[in-house]
Novice: 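Here's a structure for you.
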Amino acid sequence: MTKRRQAREFVLKVLYAYEIFNRDVNEIIEEVQKESSIPAGQISFIHFYVGETIKNLNSLDKEIERLAENWKLDRIAVIDRIILRMGLCELHFMPDIPEKVAINEAVDLAKKYSTSDSSSFVNGILDAALTEIKQ
């Protein structure tokens, strides 16, 4: 597993705990760090990624709800919502990450951490977002 993929999994864990417990994100990062090791050289990437996702939470959620036709945000599984937020965050705020890599990594997270249908759902939403971004 690459260091970036490990970092994304760490970000997923942090954002999940933030969503469930709504606590200070720095405390969550410290706690999650005790349970799993952060890949060397990835701490600044993780802090930026978590910070950008949380800072832009409202706009990311609005975009998800708009792109997920006939789905209210609260009907989307928590883990899928977080993975979608992460993918959109990479597409919008991390220009150094190739768009296809951002989508592929989100799909892989969905395959590993969610249901069998989630990866295609995540892929569809993020592909639609990328199509809009390119227009």
Novice: Give the minimum heavy-atom separation between A68 and I125, together with the two atoms involved.
Specialist: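 Between these two residues, the closest heavy atoms are CA-CD1, 3.5 Å.
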Novice: Partners of F93 by side-chain contact (heavy atoms from CB on, under 4.5 Å), sequence neighbours excluded?
Specialist: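 In terms of side-chain contact (heavy atoms from CB on, under 4.5 Å), with neighbours along the sequence ignored, F93 is linked to E52, N56, L60, C89.
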Novice: How close do I46 and A7 get, heavy atom to heavy atom, and via which atoms?
Specialist: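 Shortest heavy-atom separation between I46 and A7 comes out as CG1-CB, 3.9 Å.
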Novice: Got a sec, which residues hit side-chain contact (heavy atoms from CB on, under 4.5 Å) with K111, two or more places apart in sequence or on another chain?
Specialist: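 With sequence neighbours excluded, K111 shows a side-chain contact (heavy atoms from CB on, under 4.5 Å) to V107, D108, S119, given in chain and number order.
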Novice: On a heavy-atom basis, which atom in F10 and which in I29 lie closest, and how many Å separate them?
Specialist: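 Nearest heavy atoms, F10 then I29: CZ-O, 3.8 Å.
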Novice: How long is the straight-line distance from CD1 of I64 back to CD1 of I82, given to the nearest 0.5 Å?
Specialist: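 Between I82 CD1 and I64 CD1, I get 10.0 Å after rounding to 0.5 Å.
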Novice: Roughly how far apart are L88 CG and I103 CD1, rounded to 0.5 Å?
Specialist: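 Here the interatomic distance stands at 9.0 Å.
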Novice: From K62 NZ over to L57 CG, what is the distance, rounded to the nearest 0.5 angstrom?
Specialist: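 It comes to 11.0 Å.
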Novice: Under the salt bridge (Lys or Arg N to Asp or Glu O under 4.0 Å) rule, what pairs show up with a residue in residues 113-132, not counting sequence neighbours?
Specialist: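 Checked against salt bridge (Lys or Arg N to Asp or Glu O under 4.0 Å) - neighbours excluded - the pairs reaching residues 113-132 are R66-E132.
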Novice: Could you please spell out the steps behind the side chain to side chain contact (heavy atoms under 4.5 Å, CB included) verdict for E105 and I97?
Specialist: CA-CA 11 Å; E105 289 294 324; I97 298 173; over 6 Å; no
Novice: Are any non-hydrogen side-chain atoms of R23 and E31 less than 4.5 angstrom apart?
Specialist: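 Yes, their side chains come closer than 4.5 Å.
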Novice: Could you tell me the separation between the CD1 atom of I133 and the CG atom of L91, rounded to the nearest 0.5 Å?
Specialist: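 Reported to 0.5 Å precision, the distance equals 4.5 Å.
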Novice: For residues A106 and L126, report the shortest heavy-atom separation together with the two atoms involved.
Specialist: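 For A106 and L126, the tightest heavy-atom pair comes out as CB-CD1, 3.4 Å.
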Novice: What residues, two or more places apart in sequence or in another chain, satisfy side-chain hydrogen bond (donor to acceptor under 3.5 Å, both in side chains) together with T53?
Specialist: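 Residues passing side-chain hydrogen bond (donor to acceptor under 3.5 Å, both in side chains) with T53: none at all.
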Novice: After noting the C-alpha distance and the side-chain angles of I54 and L15, does the key distance pass the side chain to side chain contact (heavy atoms under 4.5 Å, CB included) rule?
Specialist: CA-CA 8 Å; I54 291 172; L15 292 173; 3.9 Å; yes
Novice: Can you name the residues that form a side-chain contact (heavy atoms from CB on, under 4.5 Å) with S114, not counting sequence neighbours?
Specialist: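 By the side-chain contact (heavy atoms from CB on, under 4.5 Å) rule, S114 matches I79, D80, S118.
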Novice: Could you tell me if the side chain of I76 sits less than 4.5 Å from the side chain of E65, heavy atoms only?
Specialist: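 No - every pair of side-chain heavy atoms lies 4.5 Å or more apart.
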Novice: Would you give the length of the straight line joining atom CD of E9 to atom CE of M86, rounded to the nearest 0.5 angstrom?
Specialist: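 One finds 9.0 Å between CD of E9 and CE of M86.
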Novice: Using a cut-off of 6.0 Å, state whether more than 12 heavy atoms not belonging to Y113 lie near its atom OH.
Specialist: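 More than 12 heavy atoms, drawn from other residues, nucleotides or ligands, come within 6.0 Å of this atom.
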Novice: Could you tell me which residues satisfy side-chain contact (heavy atoms from CB on, under 4.5 Å) with E30, sequence neighbours excluded, listed by chain and number?
Specialist: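 E30 satisfies side-chain contact (heavy atoms from CB on, under 4.5 Å) with no residue once adjacent residues are dropped.
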Novice: Under the ring-ring contact (aromatic ring centres under 6.0 Å, His included) test, which residues partner F121, sequence neighbours left out?
Specialist: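 W71.
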Novice: Give every residue pair that meets the side-chain hydrogen bond (donor to acceptor under 3.5 Å, both in side chains) criterion with at least one member in residues 81-101, sequence neighbours excluded.
Specialist: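 Qualifying pairs, neighbours excluded: R8-E90, E19-R81, E19-R85, Y49-E90, D61-R85, E63-H92.
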